[in-house]
Amino acid sequence: MFDTLSDRLSATFKNLRGKGRLSEADIDATAREIRIALLEADVALPVVRTFIANVKERARGAEVSQALNPAQQVVKIVNEELVSILGGETRRLRFAKTAPTVIMLAGLQGAGKTTLAGKLGLWLKGQGHSPLLVACDLQRPNAVNQLSVVAERAGVAVYAPEPGNGVGDPVQVAKDSIEFAKAKVHDIVIVDTAGRLGIDQELMRQAADIRDAVSPDEILFVVDAMIGQDAVNTAEAFRDGVGFDGVVLSKLDGDARGGAALSIAHVTGKQIMFASNGEKLEDFDAFHPDRMASRILDMGDLLTLIEQAEKTFSQEEAAKMASKLQSSKGGKDFTLDDFLAQMEQVRKMGSISKLLGMLPGMGQIKDQINNIDERDIDRTAAIIKSMTPKERAEPTIINGSRRARIAKGAGVEVSVVKSLVERFFEARKMMSKMAQGGGMPGMPGMPGMGGGPGRQKKQVKQAKGKRKSGNPMKRKAEEQAAAARREQAAQNGGALGLPAPQDGKNFELPDEFKKFM
């Protein structure tokens, strides 16, 4: 969603590189480019004005003028101002002192509230809670059935006493759900309300009645990140009509300009708490302003990548793989079965292109990342699964006839099987070197980069003395001249002009040096 904004900002900062000092003209030109980039990304005009004014004021200050690298300092300022616009610090859910905690979802029609209720339920379940989804959207056809299906997929409970489709009282359902949650020991209640328009006074009043009936601890306003500037107007209408405590962005994986999403926190004064960035129930997480700003500026999001890896990868399995790579056999214990297991673990983390997008600097090869064929992993898995257990354990035995049989079983060319085995050997060799402290091969002499213990040691060259002439007559003349210089130096004083005493007992500093003692 923020690709266009990222590209424009990256191009702007590229023009600043190599400048030892930024003039007023440089600052004005940079501010102008940033303003255009934000407006093209559909960021609200009042937000753009505030943002540019803060950046220009700080860029003219001492933190840039006295910096060793002014361009990097400007990037730092823009990053900090982006974090500020996105809400500053990460906002966490407030939980009730006495269970259950009630969370009410409100938003426009089609914003994705029902699906988001399931995503939030799954996320809270992963945090160790026992959520209950409540079907209070009794207006939209099949809304109750949809929530039941989503709850089943998420593995959480649902309370849906009314069939919906215009039948039932949503306020009474919301009231009864609290008692039901207490009886069934659910510590969180997520109330899914009907979608409405900002100008629909009747449905606004209904939402206010549900709010008064259940006294929610959190009212979350769900906004479609693709609807543009109307998101800000609608957010203000909901704030005045119903009130809300935080914002949830849905459809953040869309290709529309997402500047409105950047504007909501600043305009309404309510922070973005969660973001939904995919169709799967797992594509949902807490919103971190600093991480989002880092992504927009193409500085990656390694913290989110690490968190996803920690959720997916087993510590025990990781330690087992590491011990195989660190073995004295040079990693030969690491088999194709282990390679397949690691691929499947990576696949569980999500789309490969999304994972690569979290690495710093990946915006420069964005087109290549977007063109990655996710099915390549499936093809590789099919080839490995077409091998016998012995072939997976000892890939060296795979000869021409075995390759032909494996290729036929996997439905690929023989050359593809041969290429996979060769790449496996290369990857195993590289991973083994890195696991044993060798770092990346081909870069000796650097700690962690191929310069580990037992590697090539840097040879210390002995200092060369003054060369002596090979001519005996010339060498004797040089030695006599050197002796004469030493005798002259002894009479006139040392290297600092100090008198050279015959012994150390009678040594005294000259008067001009005594005043410094």
Side-chain angles (χ1 to χ4, degrees), residues 92-96 99-107 111-138 140 142-164 170 173-174 176-195 214 216-218 220 222 246 248-253 273-287 304 307-317 341 344-351 354-355:
R92 305 289 182 182
L93 274 174
R94 289 191 303 258
F95 294 101
T101 299
V102 181
I103 301 172
M104 175 179 164
L105 302 181
K113 292 185 303 303
T114 303
T115 304
L116 197 131
K119 290 184 175 185
L120 180 59
L122 179 63
W123 186 82
L124 288 167
K125 181 184 174 184
Q127 305 287 322
H129 297 284
S130 175
L132 172 71
L133 306 189
V134 181
C136 288
D137 182 359
L138 306 180
R140 181 168 60 86
N142 269 332
V144 175
N145 185 44
Q146 182 190 354
L147 186 68
S148 300
V149 171
V150 168
E152 184 180 355
R153 284 172 52 203
V156 298
V158 63
Y159 179 70
E162 298 290 350
V173 171
D176 296 343
S177 69
I178 306 301
E179 297 304 320
F180 180 85
K182 290 178 180 177
K184 299 295 183 179
V185 198
H186 293 288
D187 63 340
I188 293 179
V189 175
I190 302 172
V191 181
D192 177 32
T193 63
V214 298
D217 301 282
E218 294 277 14
L220 302 183
V222 183
V248 181
L249 293 179
S250 66
K251 307 178 188 177
L252 204 60
D253 57 324
M273 295 178 60
F274 296 99
S276 168
N277 57 3
E279 296 180 4
K280 296 181 180 178
L281 292 179
E282 297 82 8
D283 295 334
F284 175 86
D285 209 345
F287 184 85
T304 300
E307 286 175 2
Q308 288 190 12
E310 286 176 343
K311 287 179 190 175
T312 308
F313 281 86
S314 162
Q315 294 286 344
E316 185 179 342
E317 285 295 318
E344 289 174 345
Q345 293 278 6
V346 170
R347 193 62 185 268
K348 287 179 185 177
M349 290 175 64
S351 163
K354 280 187 181 178
L355 296 178

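Since the structure is predicted, the reported quantities are computational estimates derived from the model, not experimental observations. We use all heavy atoms of the structure for the numbers below, so side chains are in, but hydrogens, waters and symmetry mates are not. FYI, the numbering just counts along the sequence from 1.
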- Query: Can you find a heavy atom in the side chain of Leu249 that is under 4.5 Å from one in the side chain of Phe274?
  - Reply: no
- Item | Side-chain donor or acceptor of Thr114 paired with backbone N/O of Leu147 under 3.5 Å | no
List, one per line, each side-chain donor-acceptor pair under 3.5 Å for residues 179-190, sequence neighbours excluded.
residue, atom, partner, partner atom, Å
His186, ND1, Ser130, O, 3.4
His186, ND1, Ser130, OG, 3.1
Asp187, OD1, Ser130, N, 2.8
Asp187, OD2, His129, ND1, 2.8

- Is there side-chain contact between Asp176 and Val134, with at least one heavy-atom pair below 4.5 Å? no
- Can you see which heavy atom on Ala151 is nearest to which on Val158, and at what distance? CB-CB, 3.8 Å
- Query: Between Asp217 and Phe95, does a side chain to side chain contact (heavy atoms under 4.5 Å, CB included) hold up when you go through it step by step?
  - Reply: CA-CA 7 Å; Asp217 301 282; Phe95 294 101; over 6 Å; no
- Residue pair Pro216 / Met104: nearest heavy atoms and the distance that separates them: CB-CB, 4.0 Å
- Task: Check salt bridge (Lys or Arg N to Asp or Glu O under 4.0 Å) between Arg94 and all other residues, then give those that pass, not counting sequence neighbours.
- Result: Glu218, Asp245
- Query: Shortest non-hydrogen contact from Gly246 to Met273?
  - Reply: CA-SD, 3.7 Å
- Contacts of Asn142 meeting side-chain hydrogen bond (donor to acceptor under 3.5 Å, both in side chains) (sequence neighbours excluded), chain-then-number -> none
- Message: Taking side chain to side chain contact (heavy atoms under 4.5 Å, CB included) as the definition, give me every residue that meets it alongside Leu138, ordered by chain and number, with sequence neighbours left out.
- Response: Val144, Glu162, Pro170, Val173
- What's the verdict on side chain to side chain contact (heavy atoms under 4.5 Å, CB included) for Tyr159 and Leu133, showing C-alpha distance, side-chain angles and the deciding distance? CA-CA 6 Å; Tyr159 179 70; Leu133 306 189; over 6 Å; no
- Those residues at least two apart in sequence (or on a different chain) that pass salt bridge (Lys or Arg N to Asp or Glu O under 4.0 Å) with Asp137 are Arg140
- Message: Applying side chain to side chain contact (heavy atoms under 4.5 Å, CB included), can you list everything that pairs with Glu152, at least two apart in sequence or on another chain?
- Response: none
- Query: Can you name the nearest heavy-atom pair linking Leu281 to Lys119, along with the distance?
  - Reply: O-CG, 3.6 Å
- Message: Determine whether Phe284 and Leu120 satisfy the following criterion, side chain to side chain contact (heavy atoms under 4.5 Å, CB included), listing intermediate values before the conclusion.
- Response: CA-CA 7 Å; Phe284 175 86; Leu120 180 59; 3.9 Å; yes
